[in-house]
Amino acid sequence: MKIYEELQARGLLAQLTDAEEIRDLINGGKATFYIGFDPTADSLHVGHFMALCLMKRLQEAGNKPIALIGGGTGMIGDPSGRSDLRTMMTKETIAHNCE
């Protein structure tokens with residue numbers, strides 16, 4: 001099974017634009033993609049693990065991963081559907097969390 005079909009079978013693909021082109025790119029190992037992490041805590045959690053596993057699997061299929069640790073959203077957070085805002089973090093706290 002090719003990587004696109006594997007991801008599809010696992011329910012990891014949703015709301016794609018030009019699915020055929022994406023399929024051809026990642027099955028051919030020609031995609032460059034990124035996954036971003038907000039430094040809102042001083043360690044990663046199990047939710048990050050899934051993204052890292054996906055990144056590794058795509059890399060093993062020949063694609064080029066780029067991992068980013070957030071900047072601006074790290075200071076104010078991303079409420080992601082919450083009704084309250086996160087506390088603003090200092091640049092020092094963000095630097096510590098990135099380490």
Path from Tyr4 to Met50 over hydrophobic side-chain contacts below 4.5 Å: yes

Please round to the nearest 0.5 Å and tell me the distance separating atom CD1 of Ile3 and atom CD of Gln8. 12.0 Å

OG1-NE2 distance between Thr90 and His96, expressed to the nearest 0.5 angstrom: 10.5 Å

What's the verdict on side chain to side chain contact (heavy atoms under 4.5 Å, CB included) for Leu52 and Leu44, showing C-alpha distance, side-chain angles and the deciding distance? CA-CA 10 Å; Leu52 290 167; Leu44 297 175; 3.9 Å; yes

Looking at side-chain heavy atoms only, is the closest gap between Arg23 and Glu5 below 4.5 Å? yes

Could you walk me through whether Arg57 and Glu6 pass the side chain to side chain contact (heavy atoms under 4.5 Å, CB included) test, one step at a time? CA-CA 10 Å; Arg57 183 65 188 93; Glu6 177 185 333; 2.9 Å; yes

Does Leu58 share a hydrophobic cluster with Leu25, counting links as ILVMFWY side-chain heavy atoms below 4.5 Å and allowing steps through other members? no

Return the SG to CG distance between Cys98 and Asp42, rounded to the nearest 0.5 Å. 11.5 Å

Would Ile26 and Met1 show up in the same hydrophobic cluster when neighbours are defined by side-chain heavy atoms closer than 4.5 Å? no

Can a donor-acceptor pair be found, under 3.5 Å and without considering hydrogens, that links the side chain of Asn27 to the backbone of Lys2? no

Kindly write out the residues that satisfy side chain to side chain contact (heavy atoms under 4.5 Å, CB included) with Ile35, not counting sequence neighbours, or none if the list is empty. Phe33, Phe37, Ala51, Met55

For atom CD of Glu21, decide whether the heavy atoms of other residues, nucleotides or ligands shown that lie under 6.0 angstrom number more than 12. no

Just checking Glu20: does its CD atom have more than 12 heavy atoms from other residues, nucleotides or ligands closer to it than 6.0 angstrom? no

For Asn63 against Ala31, the heavy-atom pair lying closest together: OD1-N, 2.9 Å

Minimum heavy-atom distance between Pro39 and Asn97, given as atom pair plus value: O-ND2, 2.9 Å

